[in-house]
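Written below as structure tokens is the structure these notes are about.
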Amino acid sequence: MEQEPVKVEEFEELARRALPKMYYDYFRGGAEDQFTLKENIRAFQRITFQPRILVDVSSINTSTSLLGHMIEAPILVAPTGMHRLAHPEGEVATARAAASCNTIMVLSFTSNCTIEEVAASCDAVRFFQLYVYKRRDIAAELVKRAERHGYKAVVVTGDAPKLGRREADIKNKMVAPRLRNLEGLLSVEVESGGSNLQAFASQTHDDSLSWKDMAWLKSITSLPILIKGVLTAEDARKAVEVGLNGVIVSNHGARQLDYAPASLSVLEEVVEAVAGSVPVLFDGGIRRGTDVFKALALGAKAVMVGRPVVFGLAAKGEQGVRRVVEILKDELELTMALAGCPTIDAISRSHVRTEQERLRSFM
Ligand SMILES: Cc1cc2nc3c(=O)[nH]c(=O)nc-3n(C[C@H](O)[C@H](O)[C@H](O)COP(=O)(O)O)c2cc1C
Ligand SMILES: CCCCCCCCCCC(=O)C(=O)O
């Protein structure tokens with residue numbers, strides 16, 4: 001009998017066995033040499049703990065609030081495209097799992113289930129991720145639909161003027177289904193000798209999108225707007241200047257610009273740049289509760305999880321996603337106890353040590 005995974009990483013192998021190679025490669029892959037993909041994981045290994053002892057940790061509380069919404073733990077579901085390639089129930093299963101874990105799912109613009117189907121599937125707080133297409137009216141229409149169906153924030157992705165070069169998809173001649181949110185709005189014929197995702201994105205994504213356009217985005221919605229893909233203090237300051245409501249430190253799971261820094265390695269400078277004016281979220285390489293703790297200690301308000309969720313979905317549907325989030329939460333809880341932090345607010349910068357700090361301590 002197959003053993004139940006005891007750590008999140010184990011879902012990847014189950015997903016590999018469950019999926020056609022083309023889809024598994026799409027979900028797992030990064031851009032080009034996949035340097036950043038490895039760095040996203042290695043960056044966590046370079047941070048160690050400075051735990052405190054003899055703290056009363058008989059009761060641990062992982063709950064926190066984000067933009068006024070209470071969640072059971074600061075672990076969100078990142079926007080990832082096309083969940084029906086992982087499981088027939090697609091994003092509806094993911095949304096139900098997130099809801100049962102009392103956390104927030106960020107629905108991808110490139111979902112297979114529609115904004116409306118996901119909204120109707122369960123009662124939970126959810127955000128909507130937006131790609132801005134050359135056809136601006138489509139963004140306006142989808143944001144309006146998300147707002148009408150109770151989504152609580154817009155996450156605009158800023159790191160994908162074009163899609164990164166994912167060589168496995170090119171080799172596999174990756175074919176994706178049409179995007180159901182776009183039915184009746186856009187019909188694009190894609191002919192490609194390689195990945196039809198890349199071909200589709202290069203026809204549709206607005207690669208002229210700039211900071212100036214954030215005023216337009218604010219004009220089409222009253223929802224809070226978070227910008228996803230920030231990797232520098234400079235961009236974090238611009239996000240605050242143009243009046244956005246949150247910053248997400250992310251390199252898109254290393255699927256866009258290869259040799260971009262590991263998200264974790266730039267988190268602190270972004271946190272310092274925004275100086276508490278808006279929440280800073282984080283994604284890229286979260287595989288353990290210890291990773292969640294490290295990101296929070298470096299100043300993230302919450303983290304988002306991409307691949308592990310999709311692998312959980314591919315392996316075991318809704319229950320698989322639920323287990324992934326639960327395992328991360330249980331590990332976070334244990335880490336908090338062992339580090340001497342009974343609450344999320346108790347996690348501080350002084351609970352972790354970077355590699356530079358460790359080296360300096362030898363001098
Ligand atoms: C299969 C896959 C699809 C993704 N699709 C989207 C998307 O539609 N929109 C988006 O903003 N980010 C997308 N991302 C990036 C994730 O939101 C997130 O930044 C990344 O997965 C975090 O890294 P992790 O996978 O190591 O957790 C995708 C990532 C993966 C792996
Ligand atoms: C013919 C339909 C093609 C649909 C293409 C969708 C592009 C998905 C991109 C999702 C994403 O951000 C990712 O990293 O992958």
Side-chain angles (χ1 to χ4, degrees), residues 8-9 11-12 15 19 23-31 34 36-41 43-44 75-86 91 94 105-112 127-133 154-166 168-169 174-183 186-192 195-205 226-231 248-256 260 262-264 281-288 291-292 295 303-314 324 328:
V8 152
E9 222 179 31
F11 281 95
E12 176 163 354
L19 292 175
Y23 298 160
Y24 169 72
D25 285 355
Y26 164 69
F27 288 129
R28 76 152 286 284
Q34 313 202 69
T36 300
L37 189 62
K38 290 169 217 132
E39 273 294 290
N40 270 356
I41 303 290
F44 283 99
I75 304 168
L76 276 60
V77 171
T80 50
M82 301 185 291
H83 287 195
R84 280 212 178 129
L85 302 182
E91 287 82 5
T94 314
M105 170 185 183
V106 185
L107 179 70
S108 168
F109 184 92
T110 62
S111 58
N112 294 133
F127 298 169
F128 177 65
Q129 177 260 325
L130 177 72
Y131 279 129
V132 179
Y133 281 6
V154 172
V155 168
V156 59
T157 297
D159 60 13
K162 301 179 185 304
L163 222 58
R165 190 176 159 81
R166 300 137 189 203
D169 293 349
M174 170 70 184
V175 190
R178 284 170 188 275
L179 303 175
R180 292 198 41 240
N181 277 327
L182 302 179
E183 269 168 17
L186 178 77
S187 98
V188 177
E189 288 310 315
V190 242
E191 285 290 318
S192 146
S195 155
N196 89 344
L197 304 187
Q198 214 179 354
F200 178 83
S202 71
Q203 287 183 57
T204 51
H205 286 210
L226 295 90
I227 173 83
K228 176 169 181 280
V230 170
L231 290 173
I248 305 179
V249 174
S250 171
N251 52 34
H252 208 113
R255 295 159 75 80
Q256 289 297 106
S263 306
L264 193 71
L281 271 58
F282 170 90
D283 76 29
I286 296 280
R287 302 293 180 268
R288 285 284 194 186
D291 299 339
V292 181
V303 305
M304 305 199 302
V305 182
R307 290 179 184 81
V309 162
V310 188
F311 293 145
L313 180 67
V324 164
L328 288 173

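Computation of the quantities below employed the complete heavy-atom set of this structure, encompassing side-chain atoms and omitting hydrogens, waters and symmetry-equivalent molecules. Whatever order the structure lists ligands and atoms in, that order sets their numbers, starting from 1.
For atom 24 (P) of ligand 1, the closest non-hydrogen atom on the protein side is Arg307 NH1, 3.6 Å. With hydrogens left out, the protein atom closest to atom 3 (C) of ligand 2 is Phe200 CG, 3.7 Å, a heavy atom. The protein heavy atom nearest to atom 8 (O) of ligand 1 is Ser108 OG, 2.7 Å. Ranking the protein heavy atoms by distance from atom 19 (O) of ligand 1 puts Asp283 OD2, 2.8 Å first. Among all protein heavy atoms, the one lying closest to atom 3 (C) of ligand 1 is Gly81 N, 3.3 Å. Regarding atom 27 (O) of ligand 1, its nearest protein heavy-atom neighbour is Gly306 N, 2.9 Å. Scanning the protein for heavy atoms near atom 2 (C) of ligand 2, the closest one is Pro177 O, 3.5 Å. Looking only at protein heavy atoms, the nearest one to atom 11 (O) of ligand 1 is Thr157 OG1, 2.7 Å. Of all protein heavy atoms, the one lying nearest to atom 12 (N) of ligand 1 is Lys228 NZ, 2.9 Å. Atom 7 (C) of ligand 1 has as its closest protein heavy atom Tyr131 OH, 3.4 Å.
The ligand atoms of ligand 2 that sit less than 4.0 angstrom from a heavy atom of Tyr131 are 11 (C), 12 (O). Listed by number with element, the atoms of ligand 1 under 4.0 Å from a non-hydrogen atom of Ala78 are 17 (O). Atoms of ligand 2 found under 4.0 Å from any heavy atom of His252 (numbered from 1 in listed order, with element): 11 (C), 12 (O), 13 (C), 14 (O). Of all the atoms in ligand 2, the ones that sit under 4.0 Å from a non-hydrogen atom of Tyr26 are 10 (C), 13 (C), 15 (O). Atoms of ligand 1 found under 4.0 Å from any heavy atom of Phe27, numbered from 1 in the order shown, are 1 (C), 31 (C). Those atoms of ligand 2 with a heavy atom of Leu197 less than 4.0 angstrom away are 5 (C). Taking every non-hydrogen atom of Ser250 and a distance limit under 4.0 Å, the qualifying atoms of ligand 1 come out as 19 (O). Contact atoms of ligand 2 toward Arg255: 13 (C), 14 (O), 15 (O) (distance under 4.0 Å to a heavy atom of the residue).
Every N/O-N/O distance between Thr80 and ligand 1 stays at or above 3.5 Å. Between Asn196 and ligand 2, no pair of N/O atoms sits closer than 3.5 Å. Where the criterion is an N or O separation shorter than 3.5 Å, residue side chain and backbone included, Tyr26 fails it with respect to ligand 1. For ligand 1, one of its N or O atoms has an N or O atom of Gly285 under 3.5 Å away. Ligand 2 has no N or O atom lying under 3.5 Å from any N or O atom of Thr110, backbone or side chain.
Classification of Glu9 and Arg307 as a salt-bridged pair fails, no side-chain N sitting under 4.0 Å from a carboxylate O.
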Applying side-chain contact (heavy atoms from CB on, under 4.5 Å), run through Arg28 and Leu37 and close with a yes or a no. CA-CA 10 Å; Arg28 76 152 286 284; Leu37 189 62; 3.9 Å; yes
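Minimum heavy-atom separation, Asp283 to Ser263: O-OG, 2.9 Å. Of all heavy-atom pairs spanning Pro161 and His205, the tightest one is O-CB, 3.5 Å. The heavy-atom pair separating Leu85 from Pro177 by the smallest distance is CD2-CD, 3.7 Å. Pairing each heavy atom of Leu231 with each of Ala260, the nearest pair is CD1-CB, 4.1 Å. Across all non-hydrogen atoms, the minimal contact from Val8 to Pro308 is CG1-CB, 3.5 Å.
Nearest residue to atom 13 (C) of ligand 2 from Gln256, His205, Gln198, Arg166 is Arg166 (criterion: closest heavy atom).
Panel note: side chain Asn251, backbone Ala254; a donor-acceptor pair is recorded below 3.5 Å. The closest donor-acceptor contact from the side chain of Gln256 to the backbone of Lys162 lies under 3.5 Å. Within the 3.5 Å criterion, the main-chain N or O of Ala262 finds no donor-acceptor partner in the side chain of Glu39. Thr157 places no side-chain N or O within donor-acceptor distance of the main-chain N or O of Asp159, the cut-off being under 3.5 Å.
At a threshold of 4.5 Å between non-hydrogen side-chain atoms, the residues Leu179 and Phe200 count as touching.
At a heavy-atom distance under 4.0 Å, only side-chain atoms of Val190, from C-beta outward, approach ligand 2. By the criterion of a heavy-atom distance under 4.0 Å, neither the backbone nor the side chain of Ala201 is placed next to ligand 2. Looking at His252 against ligand 1, both its backbone and its side chain come within 4.0 Å, counting heavy atoms. Of all the heavy atoms of Gln256, none lies under 4.0 Å from any atom of ligand 1, so neither backbone nor side chain is involved. Contact annotation: for Met82 versus ligand 1, there are no heavy atoms closer than 4.0 Å. At a heavy-atom distance under 4.0 Å, atoms from both the backbone and the side chain of Pro79 approach ligand 1.
Ring geometry for Phe109 against Phe128 counts as tilted: the plane angle lies between 30° and 60°, on a 0 to 90° scale.
Considering Ile41, Val292, Leu264 in turn, Val292 is the only one that fulfils the side-chain contact (heavy atoms from CB on, under 4.5 Å) rule with Ile286.
Residue-ligand proximity: Phe109 is placed with every non-hydrogen atom at 4.0 Å or more from ligand 1. At least one heavy atom of Thr110 sits under 4.0 Å from some atom of ligand 1.
Cation-pi check for Arg255 over Tyr26 is met; the charged atom lies under 6.0 angstrom from the ring centroid and within 45 degrees of its normal.
Considering CG of Leu163 and OG1 of Thr110, their distance stands at 9.0 Å, rounded to 0.5 Å. Once rounded to the nearest 0.5 Å, the distance linking CZ of Arg84 with CG of Leu313 reads 11.0 Å.
For Arg180, the salt bridge (charged side-chain N to carboxylate O under 4.0 Å, His left out) partners at least two apart in sequence or on another chain are Glu117, Glu183.
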